[in-house]
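Only this structure's heavy atoms are used, side chains among them; waters, hydrogens and symmetry mates stay out.
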Amino acid sequence: MSQVKIFDTTLRDGEQSPGCSMNLKEKLEVAKCLERLKVDIIEAGFAISSPGDFESVSKVAEVIKDCTVASLARANVQDIDCAWDAVKHAADPRIHLFIATSPVHMEYKLKMTPDEVLEATAAMVAHAHKYCSNIEFSAEDATRSDPEFLVKVVETAIANGATVINLPDTVGYTTPDEMRALIAQMIERVPNAHKAEFSVHCHNDLGMATANSLAGVMGGARQIECTINGLGERAGNASMEECVMAMRTRRDCFEGLETRIDTTQIYRASKTVYNIIGQTPPLNKPIVGRNAFLHEAGIHQHGVLCNKKTYEILTPEAVGIRTDNLVLGKHSGKHALESRLKQMGYELTPEELKSCFDEFKVLCDKKKDVTDDDLEAIVTHASTDSAETGGYELDWFAVHTTNFTTATATVSLKRGEEKFEQVSLGDGPIDAAFNAVDLITKPMQHTFELYRINSISKGKDTLGEVSVKLMAESRTFSGRGLSTDIIEASILAYVSAVNRLLSYTERRKREAEKQ
């Protein structure tokens, strides 16, 4: 068997897409999910882009032990030095440097001639190779590059120490036949191609990222660069779950090829990422969407009842979706909860278990049966507790509203040992509560990009999950809240988003003071 490596760039390409930014704690949570998935390489970020990105890349490199950890770098000395400083403590560090090779990028973005790009490729790959032997070189916009020039660039990169050659479809322009031919052509025509592994990194602008990635594998690529849920710039990247499950399901087409991915961890990783960025999967999202394993048409239902293989080419259990949704209640103890969470794949520390158990008991007083969906929501939301980040926490609130008077809200927040209380009016109870939060926290001017309510399970007593996104200085700040009381969930989500906004403001102030 030949292994196709999975290079996950959720923390770099995925995180830099609008509305998908994460704080350090959230990036570590995603990194641990990727490690459980057994991805081969985690691209932890673009170290030189900001002090915060450098810190997160460095921390991921320190924490992750079972994956290669990479940092992206442009083909210049400063970027490469910074990337190495960030990943040098990793169990297996990689420097991933890139330079554009298409005529339009070289002329208008780089303002370099082809000869200058060749010289930079040789010099910068050699510079990176002084630090480590695990060097990946990407020819940005490879699919719109001149093939003759691309052969020279790839040969030069390998000659100077590159061990992985990535040929990205940077703008999602190519087709599967073209991608397969490009990889095969480079492997055949580059004299020293046998000294490197070839990789594909496909964007989804025309909806072909997964197809192009798999075509690249058929052409000889042995690394797929992808993201959880297909996050990424513009229309996104190739979806990790789609690429992996396509190879696993169609072994006849990918005979002799396999990944080391633990597919039972896919759903958990997908849900974790969606929760962190305050989104839910489209209903028809392949592999992880709510409708991916549902059948409504009568003829489909009849077929599935007779034999699931009539309409299901893969099982929900294969990607970690549990169908035995058992329930716990108020008489269930901590050991029963811990046992159930372990069955669901969650290994919690004693502190995390205590926190989840406390929330579980509170929920049991509000609804009769607590399902796996409820437990999953409790566990994933526990990872964003504002108390751990020094932000504001909701103490208590009270609202008064009717359909013929102005809504009034009183909100009490606490930060450390201090408590703050304000009263405000608004166009409804939630607007009034948000206005009271603003009076306490005094965040910078911002706009609302998203306010979404989602039910976690069935029934009128279900947990409500609220997602909020704020926009300030062209950056997005997301927050989530969870409660059977939708007003409480809304306040929790808004406070969470405001905490991120305040943290960003304070960080910007510190950086300005250093300059």
- Run the side chain to side chain donor-acceptor pair (under 3.5 Å) check on S199 and E225 step by step: do they pass? CA-CA 7 Å; S199 173; E225 304 196 3; 3.1 Å; yes
- Report the residues that fulfil ring pair (Phe, Tyr, Trp, His ring centres under 6.0 Å) with F448, sequence neighbours left out, ordered by chain and then residue number.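 With neighbours one apart ignored, the set is F434, Y494.
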Using a strict 4.0 Å threshold on nitrogen-to-oxygen distance, state whether [X] and [Y] make a salt bridge.
{"X": "R415", "Y": "E393", "value": "no"}
{"X": "K361", "Y": "D358", "value": "no"}
{"X": "R74", "Y": "D79", "value": "yes"}
{"X": "K5", "Y": "E197", "value": "yes"}
{"X": "E55", "Y": "R507", "value": "no"}
{"X": "K109", "Y": "D141", "value": "no"}
{"X": "D262", "Y": "R36", "value": "no"}
{"X": "R222", "Y": "D40", "value": "no"}
{"X": "E465", "Y": "R480", "value": "no"}

State, with a plain yes or no, whether a side-chain heavy atom of [X] is found less than 4.5 Å away from one of [Y].
{"X": "T263", "Y": "L314", "answer": "no"}
{"X": "F137", "Y": "V153", "answer": "yes"}
{"X": "P93", "Y": "W84", "answer": "yes"}
{"X": "M112", "Y": "E119", "answer": "no"}
{"X": "L167", "Y": "V200", "answer": "no"}
{"X": "D395", "Y": "F420", "answer": "no"}
{"X": "E140", "Y": "I99", "answer": "no"}
{"X": "D13", "Y": "H201", "answer": "yes"}

- Just one of N76, D81, N160 clears the side chain to side chain donor-acceptor pair (under 3.5 Å) bar with H127, so which one?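 Result for side chain to side chain donor-acceptor pair (under 3.5 Å) with H127: D81.
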- Going through the distances and angles, do M240 and I6 end up as a side-chain contact (heavy atoms from CB on, under 4.5 Å)? CA-CA 8 Å; M240 185 281 296; I6 299 300; 4.0 Å; yes
Pairwise distance [atom1]([X]) to [atom2]([Y]) - rounded to 0.5 angstrom:
{"X": "L501", "Y": "H446", "atom1": "CG", "atom2": "NE2", "answer": "6.5 Å"}
{"X": "I64", "Y": "D92", "atom1": "CD1", "atom2": "CG", "answer": "13.0 Å"}
{"X": "N454", "Y": "T280", "atom1": "CG", "atom2": "OG1", "answer": "5.5 Å"}
{"X": "I48", "Y": "S71", "atom1": "CD1", "atom2": "OG", "answer": "9.0 Å"}
{"X": "H335", "Y": "F357", "atom1": "NE2", "atom2": "CZ", "answer": "9.5 Å"}
{"X": "L37", "Y": "K32", "atom1": "CG", "atom2": "NZ", "answer": "15.0 Å"}

- Task: Could you walk me through whether L492 and L482 pass side-chain contact (heavy atoms from CB on, under 4.5 Å), step by step?
- Result: CA-CA 7 Å; L492 290 170; L482 187 71; 5.9 Å; no
Shortest non-hydrogen contact from [X] toward [Y]:
{"X": "T163", "Y": "S133", "answer": "CG2-O, 3.3 Å"}
{"X": "A196", "Y": "I165", "answer": "CB-CG1, 4.0 Å"}
{"X": "S455", "Y": "R290", "answer": "O-NH2, 4.0 Å"}
{"X": "S56", "Y": "A44", "answer": "OG-O, 4.5 Å"}
{"X": "I486", "Y": "G464", "answer": "CD1-CA, 3.9 Å"}
{"X": "V69", "Y": "A90", "answer": "CB-CB, 4.1 Å"}

Just by distance, with hydrogens left out, do [X] and [Y] show a side-chain donor and acceptor under 3.5 Å apart?
{"X": "S145", "Y": "T101", "value": "yes"}
{"X": "R500", "Y": "S496", "value": "yes"}
{"X": "Y504", "Y": "R508", "value": "yes"}
{"X": "E317", "Y": "T264", "value": "no"}
{"X": "S239", "Y": "E241", "value": "yes"}
{"X": "H203", "Y": "D169", "value": "no"}
{"X": "H96", "Y": "E43", "value": "yes"}

- Evaluate salt bridge (Lys or Arg N to Asp or Glu O under 4.0 Å) for E359 paired with K354, printing each intermediate quantity in order. CA-CA 9 Å; E359 289 192 46; K354 181 183 183 304; over 6 Å; no
Are there more than 12 heavy atoms of other residues, nucleotides or ligands under 6.0 Å from atom [atom1] of [X]?
{"X": "R452", "atom1": "CZ", "result": "yes"}
{"X": "Y173", "atom1": "OH", "result": "no"}
{"X": "K65", "atom1": "NZ", "result": "yes"}

- Query: Taking it one step at a time, do S467 and Y451 satisfy side chain to side chain donor-acceptor pair (under 3.5 Å)?
  - Reply: CA-CA 6 Å; S467 299; Y451 172 79; over 6 Å; no
- Task: Test side-chain contact (heavy atoms from CB on, under 4.5 Å) on N204 and N237 and set out the steps.
- Result: CA-CA 5 Å; N204 205 37; N237 288 303; over 6 Å; no
- Evaluate the side chain to side chain donor-acceptor pair (under 3.5 Å) criterion for residues T174 and N212: first the C-alpha distance (whole Å), next the side-chain angles of each, then the deciding distance (0.1 Å), finally the verdict. CA-CA 8 Å; T174 199; N212 286 334; 5.5 Å; no
- Task: Any chance you could lay out the side-chain contact (heavy atoms from CB on, under 4.5 Å) test for L450 and V468, step after step, and finish with the verdict?
- Result: CA-CA 5 Å; L450 173 76; V468 167; over 6 Å; no
- Query: What's the verdict on salt bridge (Lys or Arg N to Asp or Glu O under 4.0 Å) for K27 and D53, showing C-alpha distance, side-chain angles and the deciding distance?
  - Reply: CA-CA 10 Å; K27 289 182 179 181; D53 226 39; 3.0 Å; yes
- Message: Given D8, which partner from the list V30, I41, I228 fulfils the side chain to side chain contact (heavy atoms under 4.5 Å, CB included) test?
- Response: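 In the set V30, I41, I228, the residue that makes a side chain to side chain contact (heavy atoms under 4.5 Å, CB included) with D8 is I228.
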I'd like to know if the side chain of [X] and the backbone of [Y] have a donor-acceptor N/O pair within less than 3.5 Å.
{"X": "S270", "Y": "I266", "result": "no"}
{"X": "S213", "Y": "A209", "result": "yes"}
{"X": "T249", "Y": "M245", "result": "yes"}

- Query: Does F46 have R12 sitting over its ring (NZ/CZ under 6.0 Å from centre, angle to axis within 45°)?
  - Reply: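 So R12 doesn't make the cation-pi contact.
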